[in-house]
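In what follows, a structure is listed as structure tokens, so that the remarks can point back to it.
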Number of protein chains: 2
Amino acid sequence: MDHLKLENQVCFPIYTLAKEMVNKYRSLLEELELTYPQYLVMLVLWEKDEQSVSAIGEKLNLDSGTLTPLLKRLEQKEIVIRKRSQADERMVVISLTAAGHQLKTKAQNVPSAMVDAMSIPVAELKVLKNSIDKILSNL
Amino acid sequence: MDHLKLENQVCFPIYTLAKEMVNKYRSLLEELELTYPQYLVMLVLWEKDEQSVSAIGEKLNLDSGTLTPLLKRLEQKEIVIRKRSQADERMVVISLTAAGHQLKTKAQNVPSAMVDAMSIPVAELKVLKNSIDKILSNL
DNA sequence: CCATTATATATTGTGCACAATATAATTTTG
DNA sequence: CAAAATTATATTGTGCACAATATATAATGG
């Protein structure tokens, strides 16, 4: 077997799936005017308001080079506020505005819409998630 | 269950895995001086030399906005040549240089190194690939 | 206490990824 | 055949993603 053939690649389907997911989210999140990475940041903040850039980055595996400009865009949309911590001036604390909180209501149906679009049995989805978590812990 | 909790997200692990894979490839492909998307284009060309931009794009699900600059970078590395088709002046045919062909030898061990890094049984990998393909056909 | 080290965020630069649009060549149609 | 529609690639603009570096603040050790 030729391991350099595209059809024998294991990672290419994963790479493709991730892109297609983000594309699907583009239409689902259009109404919220959020990109997928921005939506992820909002998920983190909806769970717990007022978190530092690095705390958000640890949860999403994103560094300041990605988050700083992204958070500035969320600030321009007026759904978050960026504020230097008084206790530690190195840290920037991100908090939700009223509009940012309200956006959660509009997002309620997004997860189910996504699962519907993938149209795969929940049981199979669990197996998939298990395999992915296993690979992630190895990589 | 709160469907907007990060830990309940199905797509976040897929998005994370795709990124981690690309990161792993970054070190594996360092010697070849290729990025992962560039490596994918080379896989396509190693299978069949002399393909149009759109033919490559169909196989990799990438459009000209992504491929045109990427292919120009491969041309600068002198591993491919870009040439307008004489039969149809709209098309640009991409072909491998001698150096481009030779690079395949250096790439031989990349797939196995990647599978090793993921360290997951081949059988489980097959199940994973099946689920992914199913979701992809739905999305 | 002050020099050193560590930490947190920001900045710069490169390379995708994709929408929208532009341009040029080819095909189709009236 | 000429106008209209289609096709192929290129360009522009926005937004990640990450490496490398810079800057400012805080913690620490002699």
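So that the names make sense, note that chain A is the first sequence line, chain B the second, and so on, each numbered from 1. Computed from a predicted structure; not experimentally measured. Hydrogens, waters and symmetry mates play no part in the numbers below; they use all other heavy atoms, side chains included.
Between the C1' atom of C/dA10 and the CG atom of A/L71 lies a distance of 12 Å, rounded to the nearest Å. Whole-Å rounding puts the A/L74 CG to D/dG15 P distance at 11 Å. Summarising the geometry, the separation between CD on A/E89 and C1' on D/dT23 is reported as 14 Å, rounded to the nearest angstrom. In this structure, A/I94 atom CD1 and C/dA8 atom P are separated by 14 Å, rounded to whole Å. Going from atom CG of A/D88 over to atom C1' of C/dA8 covers 7 Å, rounded to whole Å. Computed from coordinates, the A/L70 CG to C/dT11 C1' distance equals 16 Å when rounded to whole Å. One can place CG of A/L67 at 10 Å from C1' of C/dT9, the figure rounded to the nearest angstrom.
Side chain of B/N138 to main chain of A/I120: no donor-acceptor pair is present (N/O by atom type, distance under 3.5 Å, no hydrogens or angles). Looking at B/K104, its side chain never comes within 3.5 Å of a backbone N or O of A/L4 through a donor-acceptor pair. Using a distance-only test at 3.5 Å, with no hydrogens or angles considered, no donor-acceptor pair links the side chain of A/T68 to the main chain of A/G65. Looking at B/E78, its side chain never comes within 3.5 Å of a backbone N or O of B/G100 through a donor-acceptor pair. Within the 3.5 Å criterion, the main-chain N or O of A/N61 finds a donor-acceptor partner in the side chain of B/K19. With hydrogens and angles ignored, the 3.5 Å screen pairs no side-chain donor or acceptor of A/R26 with any backbone N or O of A/T35. Looking only at distances, a side-chain donor or acceptor of A/R84 sits under 3.5 Å from a matching main-chain atom of A/R90.
Dense packing is recorded around CD of A/Q108, with more than 12 heavy atoms of other residues, nucleotides or ligands lying under 6.0 Å away. The number of heavy-atom neighbours closer than 6.0 Å to NZ of A/K24, taken from other residues, nucleotides and ligands shown, is 12 or below.
Residue A/Y15 places no side-chain N or O under 4.0 Å from the OP1 or OP2 atom of C/dC16. Residue A/K72 has no polar side-chain atom (N or O) positioned under 4.0 Å from OP1 or OP2 of D/dG15. In terms of phosphate contacts, A/T66 brings no side-chain nitrogen or oxygen within less than 4.0 Å of OP1 or OP2 of D/dA17. Applying the 4.0 Å criterion to OP1 and OP2 of D/dA10, one finds that B/R82 has a side-chain N or O inside that range.
Within residues 49-63 of chain B, the residues having any heavy atom closer than 4.0 Å to DNA chain C are, in order of number, B/N61, B/L62, B/D63. Shown for residues 18-45 of chain A: residues whose heavy atoms fall under 4.0 angstrom of DNA chain C, namely A/K19, A/N23, A/R26.
Checked options A/M21, A/E20, A/K129; the residue passing with B/I14 is A/M21 (criterion: side chain to side chain contact (heavy atoms under 4.5 Å, CB included)).
Using cut-offs of 30° and 60° on the angle between ring planes, the pair A/Y15 and B/Y36 is perpendicular.
Interface remark: the A/S64 side chain does not form any donor-acceptor pair with the C/dA8 base, using a distance-only criterion of under 3.5 Å.
With distances taken from any side-chain atom of A/M91 to the nucleotides C/dT9, D/dC16, D/dA17, the minimum falls on C/dT9. Distances from the side chain of B/R84 to the nucleotides C/dA8, D/dA17, D/dA10 place D/dA10 closest.
Where A/R73 and A/S85 meet DNA chain D, the nucleotide closest to each residue was compared, and A/R73 sits on the side nearer the 5' end. With the nearest nucleotide of DNA chain D identified for both A/G65 and A/K77, A/K77 has the one nearer the 5' end.
Under 4.0 Å is where a charged nitrogen must lie from a carboxylate oxygen, and between A/E124 and B/K134 at least one such pair does.
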Can you give one letter per nucleotide of nucleotides 2-7 of chain C, 5' to 3': B if a protein heavy atom sits under 4.0 Å from the base, S if only from the sugar-phosphate, - if neither? -----B
